[in-house]
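Since the structure comes first, as structure tokens, the remarks are kept for the end.
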Amino acid sequence: AKFLDSDTMRSSVNSYYQLLHDHKVDDKTVAMRGAPGGVLATFANAFVLTLGAPLFLLGAAFWFLPCFLPWLLNKRMTFYIGYSSTVKILAGLMTFPVALWAAYRVLFHITGSPLQSGAGSGALVLLGYFCEYYLGWAANMQTRIKAFLLPADKAAMLLQHRDAILKQLL
């Protein structure tokens with residue numbers, strides 16, 4: 001690899017980021033525009049988002065309050081900023097078990113089976129993780145749409161600058 005701390009490299013990167021700023025796009029959008037199979041990946045991503053929407057809504061509805069309360073508590077309290085994460089963690093240690101206990105009790109009341117209630121509570125935990133991944137997929141879809149809508153001449157020019165910088169790195 002060549003020297004990374006050179007004036008040429010610095011000016012190339014600065015001009016590239018200035019172009020990105022002028023065209024109101026980011027590097028990920030340009031990279032996606034240059035990636036092969038972009039249209040197929042966009043439709044596959046849209047398909048996954050469409051199928052996953054009901055699961056996302058169910059998980060978001062259940063986990064909204066346990067996630068929102070620690071944030072709200074942290075926002076309402078006035079203290080040293082260094083305690084922010086500690087307050088959120090301690091509040092989460094109280095709200096998450098209460099939410100899971102309540103879900104277990106409701107499921108037990110409906111099913112009458114501790115095993116099914118436990119499995120249902122476990123499924124709710126997995127729905128929380130699914131919601132997190134779903135939000136990542138949605139952000140990825142937004143980037144893909146931006147890349148798809150980027151005019152071809154601008155995309156070619158930005159990709160050319162990006163490739164030139166990558167060649168300098170290798």
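Note that CD1 of Ile165 is 11.5 Å distant from OG1 of Thr8, once rounded to the nearest 0.5 Å.
The shortest side-chain heavy-atom distance between Lys88 and Ser85 does not fall under the 4.5 Å cut-off. A heavy-atom distance below 4.5 Å is found between the side chains of Tyr104 and Pro114. Counting heavy atoms from C-beta on, the side chains of Met157 and Leu19 come closer than 4.5 Å. Counting only heavy atoms from C-beta outward, the side chains of Leu158 and His23 approach each other to under 4.5 Å. Tyr16 is listed as a side-chain neighbour of Val30, based on a closest heavy-atom distance under 4.5 Å.
A donor and an acceptor atom, one from each side chain of Asp27 and Tyr17, are nowhere located under 3.5 Å apart. Under 3.5 Å, the side chains of Asp26 and Thr29 contain a donor-acceptor pair of N or O atoms. In summary, the side chains of Gln168 and Ser12 do present a donor paired with an acceptor at a separation below 3.5 Å, with no hydrogens or angles considered. Residues Asp22 and Gln18 bring a donor and an acceptor atom of their side chains to less than 3.5 Å of each other.
For CZ of Phe79, the number of neighbouring non-hydrogen atoms (other residues, nucleotides, ligands) closer than 6.0 Å is greater than 12.
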Residues 137-146 side chain polar contacts: donor-acceptor under 3.5 Å, at least two apart:
| unit_1 | atom_1 | unit_2 | atom_2 | d |
| --- | --- | --- | --- | --- |
| Thr143 | OG1 | Ala139 | O | 3.1 |

Hey, can you pull the donor-acceptor pairs under 3.5 Å for the side chains in residues 48-74, sequence neighbours left out?
| unit_1 | atom_1 | unit_2 | atom_2 | d |
| --- | --- | --- | --- | --- |
| Thr50 | OG1 | Ala46 | O | 2.7 |
| Trp63 | NE1 | Leu124 | O | 2.7 |
| Asn74 | OD1 | Ser84 | OG | 3.3 |
| Asn74 | ND2 | Ser84 | OG | 3.0 |

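Ring centers of Phe130 and Tyr133: at least 6.0 Å apart, outside the cut-off.
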